[in-house]
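Following: one structure in structure tokens, then a few remarks.
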Amino acid sequence: SQQGEEDPQALSIQEGENATMNCSYKTSINNLQWYRQNSGRGLVHLILIRSNEREKHSGRLRVTLDTSKKSSSLLITASRAADTASYFCATDADSNYQLIWGAGTKLIIKP
Amino acid sequence: EAEVAQSPRYKITEKSQAVAFWCDPISGHATLYWYRQILGQGPELLVQFQDESVVDDSQLPKDRFSAERLKGVDSTLKIQPAELGDSAMYLCASSLALHGEVQETQYFGPGTRLLVL
């Protein structure tokens with residue numbers, strides 16, 4: 001079953017612009033994680049935000065979490081060509097502790 | 001930096017043949033996951049091990065798929081016989097989080113891309 005849903009499905013922006021991706025989920029969670037996947041490769045963990053946190057930063061990444069709306073956003077500032085990838089959110093539902101994945105947002109950075 | 005190893009990276013096989021994938025998790029990680037990822041979708045959990053024990057295989061098609069982690073370290077996922085619909089990326093991940101605990105970071109290998117003809 002799919003817990004997280006990313007929006008938009010695809011995003012194409014110019015290099016240097018900011019990219020924002022959203023994730024919505026259905027049930028109460030312990031934490032929410034964002035991962036990046038370059039084409040044909042494995043997933044790389046970007047950031048984990050716990051249910052009692054509202055915002056977290058890591059370099060050019062900013063993640064927010066709104067548990068009342070059951071949603072999260074990932075902001076990548078000053079995008080680079082190397083940021084071209086698919087981005088997935090994964091939620092750890094507090095009922096069964098499984099990590100449930102969304103279908104991802106495909107981000108393309110145009111030079 | 002420690003990494004999850006997987007082999008082979010690519011596998012082409014004909015339907016009805018047997019295939020096997022291997023994974024070596026990060027040393028010290030008790031929990032190992034096998035995922036299947038169809039192009040354009042998120043990963044789908046097939047099986048989860050804690051040490052040598054299967055703790056979740058509810059999504060594993062047990063008529064054709066099997067997985068083992070005999071010594072609680074590396075793991076093998078097998079498909080026999082392979083079907084056209086099995087074409088996908090097979091990802092292995094490991095984590096320090098134990099079954100029934102809050103999930104922490106999962107570390108992924110590069111994956112095995114399977115094509116069934």
Side-chain angles (χ1 to χ4, degrees), chain A residues 1-10 21 23-53 56 58 61 63 85-108, chain B residues 1-11 21 23-26 29 31-48 50 55-59 87-115:
Chain A
S1 63
Q2 191 166 309
Q3 157 84 311
E5 293 187 6
E6 288 91 342
D7 168 61
Q9 290 186 327
M21 289 157 272
C23 171
S24 60
Y25 56 91
K26 299 173 184 175
T27 65
S28 297
I29 61 171
N30 294 301
N31 62 55
L32 185 146
Q33 304 182 39
W34 284 92
Y35 288 77
R36 183 187 73 227
Q37 185 178 36
N38 290 89
S39 181
R41 304 300 301 271
L43 287 89
V44 175
H45 180 259
L46 294 176
I47 202 162
L48 181 153
I49 186 166
R50 301 192 188 280
S51 59
N52 60 353
E53 298 175 311
K56 209 163 183 179
S58 177
L61 306 180
V63 168
S86 291
Y87 292 81
F88 294 88
C89 71
T91 50
D92 174 6
D94 66 6
S95 59
N96 63 11
Y97 300 103
Q98 276 196 0
L99 206 57
I100 307 297
W101 300 80
T105 292
K106 187 169 184 177
L107 175 65
I108 297 173
Chain B
E1 186 175 305
E3 294 182 343
V4 175
Q6 286 189 251
S7 67
R9 292 292 310 279
Y10 305 92
K11 180 70 177 178
F21 312 130
C23 172
D24 191 12
I26 292 174
H29 283 192
T31 303
L32 183 148
Y33 312 83
W34 282 103
Y35 289 94
R36 176 171 59 189
Q37 185 181 26
I38 296 169
L39 192 64
Q41 298 183 18
E44 172 196 16
L45 181 68
L46 292 175
V47 61
Q48 178 181 345
Q50 183 173 312
V55 294
D56 187 347
D57 63 356
S58 56
Q59 300 301 313
S87 294
M89 174 78 91
Y90 290 83
L91 296 163
C92 178
S94 68
S95 171
L96 287 169
L98 300 179
H99 180 64
E101 292 183 348
V102 173
Q103 289 294 300
E104 298 293 337
T105 300
Q106 293 188 12
Y107 298 86
F108 284 80
T112 296
R113 183 165 294 282
L114 173 67
L115 178 62

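Every heavy atom of this structure was used, including side-chain atoms; hydrogens, water molecules and symmetry mates were not. Each chain gets a letter, A, B and so on, in the order its sequence line appears, and its residues count up from 1.
In this structure, A/Lys56 places its NZ atom where more than 12 heavy-atom neighbours from other residues, nucleotides or ligands lie under 6.0 Å away. Crowding of B/Tyr107 atom OH: a count of heavy atoms from other residues, nucleotides or ligands under 6.0 Å not exceeding 12.
With a 4.5 angstrom heavy-atom cutoff, B/Glu104 touches chain A via backbone and side-chain atoms both. In this structure, chain A has no heavy atom under 4.5 Å from any part of B/Leu39. Heavy atoms closer than 4.5 Å to chain B are found nowhere in A/Gln9, neither backbone nor side chain.
Residues A/Trp101 and B/Tyr33 place their aromatic rings such that the two centres sit no closer than 6.0 Å.
Partners of B/Glu44 under the side-chain contact (heavy atoms from CB on, under 4.5 Å) rule, at least two apart in sequence or in another chain, are B/Arg36, B/Gln59.
Residue with the most contacts toward chain A among B/Pro110, B/Pro43, B/Gly40, B/Gly109: B/Pro43 (heavy-atom pairs, distance under 4.5 Å). The candidate with the highest count of non-hydrogen atom pairs below 4.5 Å against chain A, out of B/Thr105, B/Leu45, B/Asp56, B/Leu91, is B/Thr105.
Using a 3.5 Å distance cut-off with no hydrogens or angles, the side chains of B/Gln106 and A/Gln33 do not pair a donor with an acceptor.
Residues of residues 45-53 of chain A that come closer than 4.5 Å to chain B, counting heavy atoms only, are A/His45, A/Leu48, A/Arg50, ordered by residue number.
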